[in-house]
Amino acid sequence: IARFPDLRQWPDAKAGVAARERARPLNALASNVIAAETRPTGAADAATFTRSHASGDFRLNENNVTAAIFETPWVFIRGVPAMEFLPPEGPPEIAFAGRSNVGKSSLINALVGQKGLARTSNTPGRTQELNYFVPDGFSGEAGDLPPIALVDMPGYGYAEAPKGQVDQWTKLIFDYLRGRVTLKRVYVLIDARHGIKKNDEEVLSLLDKAAVSYQVVLTKLDKIKPAGVAKLTEDTLAKIRKRPAAFPGIIVTSSEKDSG
């Protein structure tokens with residue numbers, strides 16, 4: 001896994017001391033996302049890609065890519081209701097999967113530091129498409145591809161929607177997971193209050209079969225007692241230890257507390 005320095009060492013002098021010292025929400029997850037992706041090629045190559053930033057132009061390299069990617073504004077570029085509407089393949093895609101209401105949208109918002117980017121709701125099943133988010137300044141069309149894309153997936157396991165709608169979401173999820181060449185890693189979000197359930201097991205098995213790298217992220221850590229975190233982590237690791245496509249480690253997060 002690529003290693004990135006503490007963000008306080010980010011060499012963008014124009015950003016000033018305050019920006020360099022500012023603590024990044026979900027710093028561990030941010031570095032993990034960048035480490036998980038294979039470096040893009042061509043115009044979007046993260047080693048040579050130049051952007052315009054509020055503090056002036058700067059060039060991404062392996063020492064500041066994590067900070068630069070997640071400090072810049074992000075935008076929504078499209079919702080994908082079916083596979084034929086996917087954007088052109090090219091940049092690495094990092095997807096967030098999980099049961100309905102597990103906190104995917106909240107985690108993405110915390111990761112990029114924009115509360116209103118991914119639409120959140122207390123109503124399960126609100127996300128009904130593959131929602132694509134990229135650094136601002138890119139359309140996602142051919143010839144204007146971003147260096148990386150985050151994908152908020154429809155939640156699975158929501159039984160109260162019409163069956164036809166649930167079947168459509170499920171097909172979209174499974175087709176995307178097993179058929180997208182540029183999908184570099186899937187973060188499977190698990191509610192810390194409930195642990196891995198049957199629906200989660202089915203998705204993990206699909207990812208194993210498709211040989212898609214994935215990592216388990218425990219969410220809503222603030223909802224359980226601190227004394228239970230160690231056991232929950234051990235139990236979760238035990239359940240994924242023998243899975244061939246699982247990354248041998250988990251991330252524990254709380255979007256509400258910006259930790260993880």
Side-chain angles (χ1 to χ4, degrees), residues 2 4-5 7 9-16 19-20 22-80 85-96 104-120 127 129-153 176 180-187 255 258 260:
F4 298 92
L7 296 185
Q9 300 173 14
W10 181 22
D12 180 6
K14 293 183 180 181
R20 293 196 302 272
R22 184 171 63 246
R24 259 217 52 81
L26 299 173
N27 188 39
L29 180 59
S31 293
N32 192 283
V33 166
I34 296 301
E37 59 95 358
T38 302
R39 182 180 299 173
T41 58
D45 190 336
T48 59
F49 168 63
T50 303
R51 291 190 44 79
S52 174
H53 188 268
S55 61
D57 290 342
F58 65 92
R59 187 173 296 273
L60 299 183
N61 56 54
E62 291 189 354
N63 290 327
N64 63 18
V65 63
T66 303
I69 285 288
F70 290 110
E71 290 291 345
T72 197
W74 283 64
V75 295
F76 168 80
I77 57 167
R78 74 169 66 184
V80 176
F85 299 105
L86 285 168
E89 290 186 338
E93 297 175 6
I94 306 295
F96 294 80
K104 296 183 301 298
S105 298
S106 294
L107 191 72
I108 290 173
N109 288 342
L111 180 63
V112 301
Q114 293 175 232
K115 288 185 178 181
L117 180 65
R119 189 171 62 173
T120 61
T127 301
E129 301 175 331
L130 299 175
N131 290 326
Y132 272 74
F133 304 96
V134 302
D136 195 11
F138 300 92
S139 68
E141 301 297 337
D144 191 28
L145 298 176
I148 187 174
L150 302 182
V151 183
D152 187 8
M153 303 183 65
Y176 173 74
R180 188 66 167 172
V181 175
T182 49
L183 178 60
K184 298 306 179 184
R185 178 168 293 181
V186 177
Y187 288 97
S255 298
D258 284 338

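Quantities reported herein were computed from a predicted structural model and do not represent experimental measurements. Values reported hereafter were calculated over all heavy atoms of this structure, with side chains retained and with hydrogens, waters and symmetry mates removed. Along the sequence shown, the residues carry numbers beginning at 1.
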Review point. Can you list every pair that meets salt bridge (charged side-chain N to carboxylate O under 4.0 Å, His left out) and has a residue in residues 87-96, with sequence neighbours left out?
Key: Glu89-Arg180, Glu93-Arg180

Exercise for review: Answer yes or no: is there a donor N or O on one side and an acceptor on the other, between the side chain of Asp136 and the main chain of Val75, under 3.5 Å?
Suggested key: no

Exercise for review: Compare every heavy atom of Pro135 with every heavy atom of Pro146, then report the nearest pair and how far apart it is.
Suggested key: CB-CD, 4.1 Å

Point to revise | Pro87 to Tyr132 - nearest heavy-atom pair and separation | key: CG-CE2, 3.5 Å

Exercise for review: Kindly give the heavy-atom pair with the smallest separation between Gly137 and Asp144, and that separation in Å.
Suggested key: O-OD1, 4.0 Å

Check your understanding: Where is the tightest heavy-atom contact between Asn109 and Gly116, given as atom of each residue plus distance?
Key -> OD1-C, 4.3 Å

Review point. Hey, does Val80 have a side-chain heavy atom less than 4.5 Å from the side chain of Tyr176?
Key: no

Practice item. Quick one: list whatever passes ring pair (Phe, Tyr, Trp, His ring centres under 6.0 Å) with Phe85, sequence neighbours left out. Key: none

Practice item. First locate atom CD1 of Ile108, then atom CG of Asn131, and finally report the distance between them rounded to the nearest 0.5 Å. Key: 8.0 Å

Practice item. Would you give the length of the straight line joining atom OG of Ser139 to atom CZ of Arg78, rounded to the nearest 0.5 angstrom? Key: 8.5 Å

**Study point:** Atom of Ala118, atom of Asp152 and distance for their closest heavy-atom approach
**Key:** CB-OD2, 4.1 Å

Check your understanding: Per the side chain to side chain contact (heavy atoms under 4.5 Å, CB included) rule, which among Leu150, Leu183, Val151 passes with Ile94?
Key -> Leu150

Practice item. Could you list the residues that satisfy side-chain contact (heavy atoms from CB on, under 4.5 Å) with Gln114, not counting sequence neighbours? Key: Pro73, Trp74, Val112, Leu117

Review point. Closest approach of Ala149 and Val134, non-hydrogen atoms and distance?
Key: CB-CG1, 3.9 Å

Practice item. Look at the rings of Tyr187 and Phe96 and say which category their plane angle falls in: under 30° parallel, 30 to 60° tilted, over 60° perpendicular. Key: parallel

